[in-house]
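Below is one structure, written out as C-alpha cells; comments come after it.
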Amino acid sequence: VQLQAFGGGLVQAGGSLRLSCAASGRTFSIYVMGWFRQAPGKEREFVATISWSGGTSYYSDSVQGRFTISRDNAKNTAYLQMNSLKPEDTAVYYCAARQGGTSSSRDEYNHWGQGTQVTVSS
C-alpha cells in the first residue's frame, strides 16, 4: 500500500488542523493505520492508531483529548483531527500502515507516507 499524507500547515496555538492520509494499492481496509510525528532533533514518536474497522483507537498521552483519529475505508483515507494545538505539537507528521493489531511501536509499521509539516505558532 502506498500512503500520502497532506493537510499540514501553519496555525496559531489553540487552532485546529485536519490531516489526511490517502492510500492506494492493496485493500486499505485490511490495514491498521497510525500517525506519528517527528520534531527537529527528536525521535519519531507515536501519536495515534486505529484498527482496520475503526472500532478501536488509542492515543499518546500528549494528544489524548485533543486529537481524533478516524478512517473512511470507502475513500481509502485516514484522518487526524487536531484541536487545541500547542507549539509543542510542531513536527512533521507521518501516517503509517501495518497488518495485524493496533500498535504504538513505529518498528511494527512497514508502510509510511512522506510526511506533512505542522507548525504551531505561539
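Since this is a predicted model, take the numbers as computed values, not measurements. The chain is numbered in sequence order, starting from 1.
- In terms of hydrophobic clustering, with Ile, Leu, Val, Met, Phe, Trp and Tyr side chains grouped at heavy-atom distances under 4.5 Å, Val47 and Val120 are assigned to a common cluster.
- Leu3 CG to Ser20 OG: the interatomic distance, rounded to the nearest 0.5 Å, is 12.5 Å.
- Hydrophobic clustering places Trp112 together with Val92 (ILVMFWY residues linked when any side-chain heavy atoms are closer than 4.5 Å, directly or through intermediates).
- Under a hydrophobic-cluster definition in which Ile, Leu, Val, Met, Phe, Trp and Tyr are linked whenever side-chain heavy atoms come within less than 4.5 Å, directly or via other members, Val32 and Trp35 are assigned to different clusters.
- Although no hydrogens or angles enter the test, the distance criterion places no donor-acceptor pair under 3.5 Å between the side chain of Tyr93 and the main chain of Gly7.
- Ser60 and Ser62 share a side-chain donor-acceptor pair at under 3.5 Å.
- A cation-pi arrangement is not found for Arg106 relative to Tyr94, the charged atom failing to lie both closer than 6.0 Å to the ring centre and inside a 45° cone about the ring normal.
- One distance of note links CG of Asn76 with OH of Tyr31; it measures 11.0 Å at 0.5 Å rounding.
- Of the inter-residue distances, the one linking Gln117 atom CD with Leu10 atom CG reads 9.5 Å to the nearest 0.5 angstrom.
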Check against side chain to side chain contact (heavy atoms under 4.5 Å, CB included), Gln114 and Gln4: CA-CA 6 Å; Gln114 84 288 5; Gln4 183 175 6; 3.8 Å; yes

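- Both Phe67 and Val11 are members of a single hydrophobic cluster when ILVMFWY side chains are connected at heavy-atom separations under 4.5 Å.
- What you find for Ser103 and Ser105 is that their closest heavy atoms are OG-N, 3.0 Å.
- With Asn73 contributing its side chain and Phe28 its backbone, the two residues share no donor-acceptor pair below 3.5 Å.
- Here the closest heavy-atom approach between residue Gln81 and residue Ser16 is recorded as NE2-CB, 3.9 Å.
- The minimum heavy-atom distance linking Val118 with Gly8 is given by the pair CG2-CA, 4.1 Å.
- Between Phe46 and Tyr109, the gap from one ring centroid to the other reaches at least 6.0 Å.
- With rounding to the nearest 0.5 Å, the separation of CG in Leu19 from CZ in Arg37 is 11.0 Å.
- Here CZ of Arg71 is found 13.5 Å from CG of Leu80. Values are rounded to the nearest 0.5 Å.
- At least one donor-acceptor pair under 3.5 Å links the side chain of Tyr59 to the backbone N or O of Ile69.
- Judged purely by atom type and a 3.5 angstrom limit, Thr27 has no side-chain atom pairing as donor or acceptor with the backbone of Ser29.
- If you chain together hydrophobic residues whose side chains sit under 4.5 Å apart, Ile30 and Met33 fall into the same group.
- With rounding to the nearest 0.5 angstrom, the CZ atom of Arg18 is 8.5 Å from the CZ atom of Phe6.
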